[in-house]
Student: 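Encoded as structure tokens, here's the structure I'll be asking about.
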Amino acid sequence: MRAKYLRWLGGLLLIVGFLLFNALFFLGKYQLSPEIIRPYSERAGAEKINAAFQNLYSKSYSLPFDFVGELNSGLEEVNSLLIDQYSLSGEQSNQWVEQWKNDQGFRVDLTNDGPYQRSKNAEDSARISLFLEFGSWLDGRDYPDFKTLESDLQIVRESINNYGILAKMGFDKYRKKNAVMAISKNSFRGIHENNPILWIFLTFGFCCLGGLLIFLSKTKDLPGIKNNEIFKRGISSRGWGAALLGAYLIVFYIILYFYPVYMIAFIELVDPLSLLLSGNPAGQFFLYGFIYTLVILVMGLRMILKYKHSLYQRWRTVSVMFFQLSFAFLIPEILVALNKPYFDFKNIWPLDYDFFFEHNLASLIQSGGLGIFMLFWGIALIIIAVPVGVYFFGKRWYCSWVCGCGGLAETAGDPFRQLSDKSLKAWRLERILIHSVLGFAIIMTALVLYTYFSGNAEIMGMNSFSIREVYGAWIGAGFAGVIGTGFYPLMGNRVWCRFGCPLAAYLGLIQRFKSRFRITTNGGQCISCGNCSTYCEMGIDVRWYAQRGQNIIRSSCVGCGICSAVCPRGVLNLEVKKEKGRFNGPNWIGQDPSLKELQIPDLPQIDPSPPH
Amino acid sequence: MKIVILGNGIAGITCARTIRKKSSANISMISSETKFFWSRTALMYIFLGHMKFEHTKPYEDGFWEKNKINLIQARIKRVDFKTKKLTSDRGEEFEYDKLLIATGSVSNKFGWPGQDLGGVTGMYNYQDLIKIEEYAKTTSEAVIVGGGLIGVELAEMLVSRDISVKMLIREEGYWQNILPLADSRLVSEHISSHGVELKMNTELKEILPDDSGRVSALLTTEGEKFNCQIVGLTPGVKPNIALFQSLEIETSRGILVNENLETSIKDVYAAGDCAEFKTAPTGRKKNEQVWYTGRMQGELAGLNILGADKPYDPGPWFNSAKFFDLEFQTYGLVFPELNEDQDELLIYPDKDKLIHLVFKKGVGVVDGVNLFGIRQRHEVWDSWLRSKAGLKEIIRDFKKAGFDPEFSKDHYPEVLKAYSDRFPDDPILSATENNKNLAI
């Protein structure tokens, strides 16, 4: 009875906390003030900024949609004012041409202190400095006639008018996004503003407490496998609850990665925490990291209680909780507080796909001894820790003991592990997709490094900047985030790890070909019940191997050990042994050894059935 | 050659697959229960919600077509061994050159009054499961008669729906016709800890109906009356051979076969639960109704149908089960009572865990072991039993047989201690010490 009340109370707290959290979206207001916008005046000029935003100062918005729309159109207005003012016409550029004239035609000389630089007019000098920057490639070139010169000048004018003015004075795509984000954040006044601790408690606190009460109600349960009702409850068997949860998660991830400006109400909530930890205001990824860690900790406790009879499961769960809390969340924040580069010591390329990006390399190299250590550490993880670890323990040392994606999958994702697709078709798709992503990551990184060392962005018609952008959006955000986690309730908890993660592919190749790890099957004890296959989050048809007495050696196996735990006959065991005998053929005890050797050259002749 | 396999259980499908690996013969598999092979062993997990029916199918539906094994869903009504023809209840006819009978078993019923009432059920096939699912909706109390493996599965199923369950056990402990008393007690305690009320030394007398023909109560031979809305009858299974009993084929409890699984009729074989050996294989019973013997016999039948002419040689007995959360494995033979020449060593490395070794008096050859809450490696035990290893050797090498998951408690110290407490004058030498002695 007590357990039942605890469960109800826990459920209630969980729902109230969740609703209050979401209510924050509706319980604030956005109001722009001249102070907030002032920093942008320096860039684009106060009178233009004022002209674009003046009418917003007196208005207040309760939802971000219109407000963000106004900000966007305000910045666009500033942009078009700038273009009107500074765009370079052919008439103007032609005025400068005379000075380059010589006997053979024209020679462009931008270093010469020519008349075009003597303007006292601020507007003209701004225009000239734009020309000097975007036309620098003309310097020293010879042109036989005006026509050829003019055609190059036109290219310069176009790049100034289409791109240069916004890049130098206005708001190009990225700057606009950042400005909208920053202005919105500063304009937002949430209901939690005066009482941040209270609201953190009412939202995150209630949710955690609710979860803990539900788990507390189960502490008296007898140890053993707790999978009753999994396929009878909608939430864990693709019912309505699962669809709703999946939709919520998918929307959450799309907002997080592509429209973070709409989650400012939530980011503001954790601002005090971020200030406390790193001294910086929170961004969307601090919020995400905070929720992520909290979920792993709370759902990790659930996992520890659920598998209280299995020390392997408990230690594994403690491990992912530890690595998430310390390595992934606290240490990077503390590093930032100490003015060191943000660094997750357990994140490994190519999962950590931007490890070799210029900005990361630059920030590591500029951070003294620690930064250089981080650089070597990151490379050592790739070339030493991965192969050595997989050789001795299997890829599980990373995927289900250390990794953050794995950590979430093994804790929050545990209720959904049975939803993975076990079909041969899925296996085929898995091998194609995951190795394609690995190939993509390697090519992208090679291009990025080429650009880093050569300074050249183009190679064989590919632009390393646009390729990394595609990777970041489609793989980093779309696949790993939106599909990888958003689809937990619909496709299981390891969609990313199984179909997408390039690091898992790399670990898997080593596991498949050079490792001591295997799952052994116990003689003839298998009864083909299918619990192992059903609960394999990687969609491995474990039973296929178990019933024929064959070791399970699959590149995808993350060694979570659940197949072994759910087996009612003690058939499966994760083992690390000498490599010899690792690949054994079908060999169940009781199987007739002659089956393999038996040659049946001709079927015995059967008399034709007697007529009837 | 046309091969027809009657029954698509583990024996039938193993036979079909064995034949397909070796030949291109025409194979048809006929079943009335389901079109596709599924694992009956997982029946309880469907009810518990651990799995859906589709998860119990070990092969994808397309597998059979790919392997050119024709699946036919039909109920065979008539078998004519002379014309080599089967006829279904819809009048379809199937001819064969070679026939395998692999029809499995049916639940035992002992003619108890009320055994056909609504709410009274066995727990063997998919149809039973659907019935139990329906009955459970309107049940708060249930009684299970018969204390075997299926009985405890049914108990776990009903307990999961908050139904209060009593089990009537004829002996003084659960499964005591199979388990020694100590083992039986351990299991009984475990089952009780899950809220099942075990009524020992109690037998069913009569099942009483309500007005609608549904069970309302059960009377025991002791005169006790238990209200209940479900009665589970799980006193074991018997070979499913009703179709053949009036025919010329030799039957006893099951369809009689020789060691090559040939029946008394030429070109007709039997395998699995429905087959009974005329002479019991060494260390085995004539009719063993477990999953893996179905698999072994199915394979052998396939080979012999192809002309291999091989006798059945199942090797040392083994089995496993799970009682609620208590795992059980057994290797070799452990009888409920010791034989005159036998001795035993009981090791309780933990409460709720037991290693029960039976061996020849003095520290002689080990005949078998019962293991509760501990997993051991079949391969190692199989070789120990085949080589007639002695107790000392097995205790010394006990770690070799360990199959518990990583991080599990190491029981070796308790095993050694139990041995040395029992045989202080005959100490176990470590492997290295042993070698040293031999060298001297």
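Each chain gets a letter, A, B and so on, in the order its sequence line appears, and its residues count up from 1.
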Student: May I ask you to name which of B:M296, B:R295, B:R161 has the most heavy-atom pairs under 4.5 Å with chain A?
Tutor: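 Option with the top pair count is B:R295.
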Student: Check this for me: A:K218, atom NZ, are more than 12 non-hydrogen atoms of other residues, nucleotides or ligands nearer than 6.0 Å?
Tutor: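 No.
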Student: Compare every heavy atom of A:N573 with every heavy atom of B:D404, then report the nearest pair and how far apart it is.
Tutor: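 In this case the closest contact between B:D404 and A:N573 is O-ND2, 3.5 Å.
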Student: Using a 4.5 Å cut-off on heavy atoms from C-beta on, say whether the side chain of A:W544 contacts that of B:P58.
Tutor: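 Sidechains of A:W544 and B:P58: no contact.
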Student: Evaluate whether atom NZ of A:K577 has more than 12 neighbouring non-hydrogen atoms of other residues, nucleotides or ligands under 6.0 angstrom away.
Tutor: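 It does: A:K577 NZ has more than 12 such atoms within range.
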Student: B:F323 versus chain A, heavy atoms under 4.5 Å apart: side chain, backbone, both or neither?
Tutor: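 Neither the backbone nor the side chain of B:F323 comes within 4.5 Å of chain A.
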Student: So B:S193 and A:L222, do their side chains get closer than 4.5 Å, heavy atoms only?
Tutor: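 Answer yes - side chains close enough.
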Student: Quick one: which of A:T534, A:L311, A:V571 has the most heavy-atom pairs under 4.5 Å with chain B, could you say?
Tutor: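 Answer, by heavy-atom pair count under 4.5 Å with chain B: A:T534.
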Student: Checking side-chain contact (heavy atoms from CB on, under 4.5 Å) between A:Q525 and each of B:W291, B:F403, B:Y331, which is the one that passes?
Tutor: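 Testing A:Q525 for a side-chain contact (heavy atoms from CB on, under 4.5 Å) against B:W291, B:F403, B:Y331 leaves exactly one candidate, B:Y331.
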Student: At a heavy-atom separation under 4.5 Å, does A:Q547 approach chain B through its side chain, its backbone, both, or neither?
Tutor: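 For A:Q547, backbone and side chain are both near chain B.
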Student: Between B:F324, B:F328, B:Y59, B:W381, who has the most heavy-atom pairs with chain A when the cutoff is under 4.5 Å?
Tutor: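 Highest number of pairs under 4.5 Å: B:Y59.
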Student: For B:E406, is it the side chain, the backbone, both or neither that has a heavy atom under 4.5 Å from a heavy atom of chain A?
Tutor: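 Looking at B:E406, backbone and side chain both touch chain A.
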Student: Which bit of B:L326 is near chain A, if near means a heavy-atom gap under 4.5 Å: side chain, backbone, both or neither?
Tutor: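 For B:L326, neither part sits under 4.5 Å from chain A.
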Student: Counting only heavy atoms closer than 4.5 Å, note whether A:S423 contacts chain B via side chain, backbone, both or neither.
Tutor: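 When you check distances to chain B, atoms from both the backbone and side chain of A:S423 fall under 4.5 Å.
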Student: Using non-hydrogen atoms and a 4.5 Å limit, figure out which bit of A:L572 sits close to chain B: side chain, backbone, both or neither.
Tutor: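 When you check distances to chain B, only backbone atoms of A:L572 fall under 4.5 Å.
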Student: Applying side chain to side chain donor-acceptor pair (under 3.5 Å), name anything that partners A:R316, two or more places apart in sequence or on another chain.
Tutor: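 Applying side chain to side chain donor-acceptor pair (under 3.5 Å) to A:R316 gives A:Q313, A:E410.
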Student: If you draw a 6.0 Å radius around CD in A:Q550, do more than 12 non-hydrogen atoms from other residues or ligands fall strictly inside?
Tutor: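 Yes, because the 6.0 Å sphere around CD of A:Q550 holds more than 12 heavy atoms from other groups.
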Student: Short question: side chain of A:S528, backbone of B:S39 - any donor-acceptor pair under 3.5 Å?
Tutor: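 Judged by distance alone, no pair lies under 3.5 Å.
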Student: Just so I understand: if I count every heavy-atom pair under 4.5 Å between each of B:S320, B:G315, B:A42 and chain A, which residue has the most?
Tutor: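 Going by pairs under 4.5 Å, I would pick B:S320.
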Student: For the interface with chain B, which of A:V576, A:I225, A:N531, A:I230 has the highest count of heavy-atom pairs at distances below 4.5 Å?
Tutor: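 Max contact count across the listed options: A:N531.
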Student: Can you measure from NE2 (A:H309) to CG (B:D352) and round to the nearest 0.5 angstrom?
Tutor: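 Interatomic distance, A:H309 NE2 to B:D352 CG, rounded to 0.5 Å: 12.5 Å.
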Student: Do any N or O atoms from the side chain of B:E60 and from the backbone of A:L424 form a donor-acceptor pair under 3.5 angstrom?
Tutor: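 Pair found, side chain donor or acceptor close to backbone of A:L424.
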Student: Would you say A:K425 has more than 12 foreign heavy atoms packed within less than 6.0 Å of its NZ?
Tutor: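 12 or below, so no.
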Student: Out of B:Q329, B:E379, B:R377, B:R40, which one racks up the most heavy-atom pairs below 4.5 Å with chain A?
Tutor: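 Heavy-atom pairs under 4.5 Å are most numerous for B:R377.
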Student: Could you tell me if B:R375 and A:S564 have a donor-acceptor pair between their side chains, going purely by distance under 3.5 Å?
Tutor: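 Their side chains do contain a donor-acceptor pair, which is all the 3.5 Å distance test asks for.
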Student: Checking A:S236 against chain B: side chain, backbone, both or neither under 4.5 Å from a heavy atom?
Tutor: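 Neither part, no heavy atoms under 4.5 Å.
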Student: Report, one line per pair, each donor and acceptor closer than 3.5 Å where one atom sits in a side chain of residues 49-56 of chain B; sequence neighbours left out.
Tutor:
unit_1 : atom_1 : unit_2 : atom_2 : d
B:H50  : NE2    : A:N228 : N      : 3.3
B:H50  : NE2    : A:N228 : OD1    : 2.7
B:H55  : ND1    : B:K52  : N      : 2.8
B:T56  : OG1    : B:F53  : O      : 2.6

Student: Who wins among A:G523, A:S533, A:G570 for the most heavy-atom pairs under 4.5 Å with chain B?
Tutor: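 Sorted descending by pairs with chain B, the first entry is A:G570.
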Student: Is there a side-chain contact between A:P568 and B:Y45 in this structure, where contact means two heavy atoms from C-beta onward sitting under 4.5 Å apart?
Tutor: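 Yes, close enough: below the 4.5 Å cut-off.
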Student: Would you check if the distance from the ring center of B:Y292 to the ring center of A:W588 is below 6.0 Å?
Tutor: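 When the ring centroids of B:Y292 and A:W588 are compared, they turn out to be at least 6.0 Å apart.
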Student: Looking at A:R543 and B:K57, would you say the former's side chain and the latter's main chain have a donor-acceptor pair under 3.5 Å?
Tutor: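 Such a contact is found between A:R543 side chain and B:K57 backbone.
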Student: A:R569 versus chain B, heavy atoms under 4.5 Å apart: side chain, backbone, both or neither?
Tutor: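 Both parts, backbone and side chain.
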